[in-house]
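Input: a single structure, listed below in structure tokens.
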Amino acid sequence: MIRNTSFSKALTLVAALTALPIAASADPVADYQEHCAECHAENRLGAQGPALIPETLARMRGPKIAEVIRDGRVTTQMPAYGEELSEEQIAALADYLKTPLDTIPPWNEPEITASRVMDEDYAPVDAPVWPSDPMNVTLAVETGDHHVSVLDGDTFEVLDRFETPFAVHGGPKFTPDGKFVFIMSRDGWVQKYDIYALKQVGRVRAGLNSRNIAMSGDGKWLAVANYLPNTLTILSTDDLSVAEVHQVVGKDGTPSRVSAVYQAPPRDSFVLALKDVPEIWEVSYSKNPDLGIYAAGFTHDWRIEGPTKQDTPFPIRKITTPDYLDDFFFDQKYEHIMGASRKGEDGLVIDLVIGQKVADLDLPGMPHLGSGITWDWNDTKVMATPHLKEGVVSVIDMNSWKTVKRITTEGPGFFMRSHKSSPYVWADVFFGPNKDKMHIIDKKTLEIVKTLQPVPGATVAHVEFTKDGSHALVSVWEDEGEVLIYDAKTLEIVKRLPMRKPSGKYNIWNKITFEEGTSH
């Protein structure tokens with residue numbers, strides 16, 4: 001008998017394929033509702049888990065989203081779905097999460113108020129429950145597992161380590177007495193924490209996707225800059241209740257995201273940079289007892305020309321700018337702002353008193369003005385800023401607005417820091433192959449005098465000083481990272497604190513006094 005070998009092999013292959021489980025066809029919407037909606041909400045805007053929309057997931061582009069779906073996230077409640085979903089389903093679900101929402105639900109005062117949760121077990125205290133200097137406490141943000149470590153600035157002991165909302169963004173803001181701190185996440189959650197009691201006070205969701213927060217000079221109000229929706233939310237720092245929600249619309253009626261918001265203490269106002277219209281806004285939070293109304297609506301400066309009444313306790317002044325300003329830096333009197341052009345080719349100076357551009361700046365290469373610092377140099381005040389697209393630090397005379405030096409670095413940087421007691425500026429090399437370098441710049445000569453490389457191959461970034469400037473804290477920005485404690489004079493490491501992808505560090509004294517070596 002002659003066997004048909006080809007036919008026999010075909011039967012064997014068919015039998016083998018029949019025995020295999022049939023792979024489910026990719027239906028990302030159904031998979032999301034089955035596996036994700038319980039924690040992240042049916043509309044993808046977040047519940048116990050963070051919002052799963054492109055604005056929130058901007059830092060997890062490419063395969064990282066798929067990896068998290070497949071493998072989960074260690075030390076979080078995010079499970080792994082590698083055994084439940086096929087690679088096709090995982091890829092389709094990752095693509096779905098990168099897709100913008102079809103409709104944006106309202107997120108105004110009623111929705112914000114409904115999200116507010118105050119901790120029932122929180123009890124205020126009159127004094128710190130720990131013995132250290134309350135002004136020399138530093139907070140270290142750990143983005144690896146979404147926590148903040150509270151550090152004693154003298155001993156560097158970890159006083160507490162508390163959980164934060166997903167993806168903290170922008171610096172924490174302290175009340176003027178240093179007792180409370182407010183922390184904001186990418187998906188709009190604002191957390192209030194009592195540093196004296198080492199306890200969370202509560203949380204509220206002020207937006208659906210947010211950029212940063214600013215504290216009013218009197219400590220009563222917190223402004224939240226939102227990308228989604230196009231709003232500025234103002235909260236009471238006392239109980240996280242909503243004071244007002246401003247719809248952000250330009251003079252011509254164009255809605256806009258808010259790129260950044262900062263406080264201007266001498267002006268009793270918040271100043272906003274808008275993303276989608278060439279304007280900056282000044283929002284007043286100060287009452288004039290003589291006039292009985294808030295100062296705002298003014299063409300020039302309310303202190304000179306007087307206010308125009310608006311039907312709001314937080315009136316707005318809209319200033320047209322020659323270009324879109326994604327970020328800016330104040331001078332010492334808060335009468336001028338230095339802004340960077342979005343084109344990355346130059347910059348400009350806006351006089352807040354007259355509401356007009358008064359100077360151009362030689363600032364190519366996308367300066368990171370939000371990280372700028374100032375110091376005294378040759379009988380003038382200078383401001384220095386790193387650049388995001390080229391290896392240079394620009395130093396600008398704040399009287400003439402001229403660039404006095406362009407310091408060549410080993411790559412584009414992101415953060416700079418110093419302290420009034422220190423002769424040095426610390427500048428990281430955040431981007432590129434030299435991300436493990438930290439430059440030490442002499443304030444007098446404007447020359448790099450030393451380049452540190454504490455952990456070869458690891459990203460080394462963001463410096464903060466202790467209250468007295470005796471020590472500098474540097475982040476090793478890796479998942480299994482650490483905060484390095486340097487003697488600020490000898491430039492030697494004196495202590496290492498293991499942490500989960502530490503990013504920014506924030507000393508209470510430096511922040512509430514606007515110490516010249518820190519960003520504001």
Side-chain angles (χ1 to χ4, degrees), residues 36-53 55-56 73 75-78 104-125 129 139 141-143 145-150 160-175 179-216 219-229 231-246 261:
C36 312
E38 182 178 356
C39 289
H40 301 277
E42 293 184 2
N43 59 9
R44 293 166 50 199
L45 289 173
Q48 301 100 310
L52 299 182
I53 55 178
E55 294 87 350
T56 302
R73 291 180 68 93
T75 71
T76 74
Q77 298 181 44
M78 174 65 193
I104 305 301
W107 201 260
N108 295 307
E109 183 173 348
E111 292 79 16
I112 298 170
T113 300
S115 74
R116 175 176 165 272
V117 178
M118 306 303 287
D119 289 24
E120 294 182 358
D121 62 349
Y122 166 72
V125 295
V129 297
L139 301 191
V141 176
E142 299 182 60
T143 60
D145 60 356
H146 313 295
H147 280 73
V148 164
S149 285
V150 183
D160 188 30
R161 188 172 188 270
F162 63 92
E163 186 179 4
T164 68
F166 176 81
V168 168
H169 190 255
K173 297 298 182 289
F174 302 96
T175 50
K179 182 176 181 180
F180 297 101
V181 66
F182 295 80
I183 296 169
M184 188 213 74
S185 72
R186 277 282 195 180
D187 52 359
W189 283 98
V190 175
Q191 174 183 33
K192 181 179 181 180
Y193 179 85
D194 186 333
I195 299 172
Y196 281 16
L198 300 179
K199 293 286 187 181
Q200 175 179 277
V201 180
R203 299 187 185 195
V204 65
R205 193 172 189 182
L208 300 175
N209 182 258
S210 305
R211 294 297 294 174
N212 73 321
I213 55 177
M215 173 76 63
S216 63
K220 294 181 179 179
W221 313 109
L222 195 75
V224 186
N226 296 318
Y227 258 25
L228 191 70
T231 57
L232 175 76
T233 300
I234 299 178
L235 303 172
S236 165
T237 58
D238 181 47
D239 60 1
L240 297 178
S241 61
V242 179
E244 189 160 287
V245 179
H246 276 303
V261 59

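Quick note: numbers below take in every heavy atom, side chains included, and nothing from hydrogens, waters or symmetry partners.
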Original post:
Roughly how far, to the nearest 0.5 Å, is NZ of Lys179 from CD1 of Ile195?
Top reply: 10.5 Å
**OP:** Could I get the full list of ring-ring contact (aromatic ring centres under 6.0 Å, His included) partners for Tyr193, not counting sequence neighbours?
**Re:** Phe162
Original post:
When rounded to the nearest 0.5 angstrom, what is the spacing between CG in Asp160 and CD in Gln200?
Top reply: 11.0 Å
Subject >> Residue pair Leu139 / Ser149, side-chain heavy-atom distance below 4.5 Å >> reply: no
Subject >> side chain to side chain donor-acceptor pair (under 3.5 Å) against Thr175, all qualifying residues, sequence neighbours excluded >> reply: Asp177
Original post:
Is the backbone N or O of Ser241 less than 3.5 Å from a side-chain atom of Ser236, with the two atoms forming a donor-acceptor pair by type?
Top reply: no
**OP:** Can you see which heavy atom on Val141 is nearest to which on Pro172, and at what distance?
**Re:** CG2-CG, 4.3 Å
Original post:
So how far is it from Thr231 OG1 to Ile112 CD1, rounded to the nearest 0.5 Å?
Top reply: 6.5 Å
Subject >> Set of residues satisfying side chain to side chain donor-acceptor pair (under 3.5 Å) with respect to Thr113, sequence neighbours excluded >> reply: none
**OP:** Give the intermediate values and the outcome of side-chain contact (heavy atoms from CB on, under 4.5 Å) for residues Val201 and Met118.
**Re:** CA-CA 6 Å; Val201 180; Met118 306 303 287; 3.8 Å; yes
Original post:
Who passes salt bridge (charged side-chain N to carboxylate O under 4.0 Å, His left out) against Glu244, sequence neighbours left out?
Top reply: none
Original post:
Is there a side-chain contact between Trp107 and Leu228 (heavy atoms, below 4.5 Å)?
Top reply: no
**OP:** Return the minimal non-hydrogen interatomic distance between Ser216 and Lys220, and the atom names on each side.
**Re:** OG-N, 3.2 Å
Original post:
Stepwise, does the side-chain contact (heavy atoms from CB on, under 4.5 Å) test hold for Leu235 with Trp221?
Top reply: CA-CA 6 Å; Leu235 303 172; Trp221 313 109; over 6 Å; no
Subject >> Pairwise side-chain contact, Leu232 with Val245, heavy-atom cut-off 4.5 Å (strictly under) >> reply: no
Subject >> Donor-acceptor contact below 3.5 Å, side chain Arg44 vs main chain Leu52 >> reply: yes
**OP:** Name all residues meeting the side chain to side chain donor-acceptor pair (under 3.5 Å) criterion together with Asn212; count only those two or more places apart in sequence or in a different chain, and write none if there are none.
**Re:** none
**OP:** List the steps, then state whether side-chain contact (heavy atoms from CB on, under 4.5 Å) holds for Phe182 with Gln191.
**Re:** CA-CA 5 Å; Phe182 295 80; Gln191 174 183 33; over 6 Å; no
Original post:
Quick one: do Lys192 and Asp119 make a salt bridge, cutoff under 4.0 Å?
Top reply: no
**OP:** Kindly give the heavy-atom pair with the smallest separation between Glu163 and Arg203, and that separation in Å.
**Re:** O-NH2, 3.4 Å
Original post:
Mind checking what makes side-chain contact (heavy atoms from CB on, under 4.5 Å) contact with Val125, not counting sequence neighbours?
Top reply: Val129, Tyr196, Ala197
**OP:** Flag the pair Trp189 / Ser115 as yes when at least one side-chain heavy-atom distance between them is below 4.5 Å, and no otherwise.
**Re:** yes
Original post:
Does His147 reach the main-chain N or O of Arg161 with its side chain, forming a donor-acceptor pair under 3.5 Å?
Top reply: no
**OP:** Could you walk me through whether Val190 and Ile183 pass the side-chain contact (heavy atoms from CB on, under 4.5 Å) test, one step at a time?
**Re:** CA-CA 6 Å; Val190 175; Ile183 296 169; over 6 Å; no
Subject >> Side-chain heavy atoms of Met184 within contact of Val168, under 4.5 Å >> reply: no
**OP:** Answer yes if the side chains of Thr233 and Asn226 hold a donor-acceptor pair under 3.5 Å, and no otherwise.
**Re:** yes
**OP:** Identify the heavy atoms of Thr237 and Met215 that sit nearest to each other, and give their distance.
**Re:** CG2-SD, 3.8 Å
**OP:** State plainly whether the residues Arg205 and Glu111 are in salt-bridge range, i.e. N to O under 4.0 Å.
**Re:** no
Original post:
Is Ser185 reaching over with its side chain to a backbone N or O of Pro165, donor-acceptor style, under 3.5 angstrom?
Top reply: no
Subject >> Leu222 side chain reached by Ile234 side chain, heavy atoms, under 4.5 Å >> reply: no
**OP:** Report yes or no: does Thr164 contribute a side-chain atom to a donor-acceptor pair with the main-chain N or O of His146 at less than 3.5 Å?
**Re:** yes
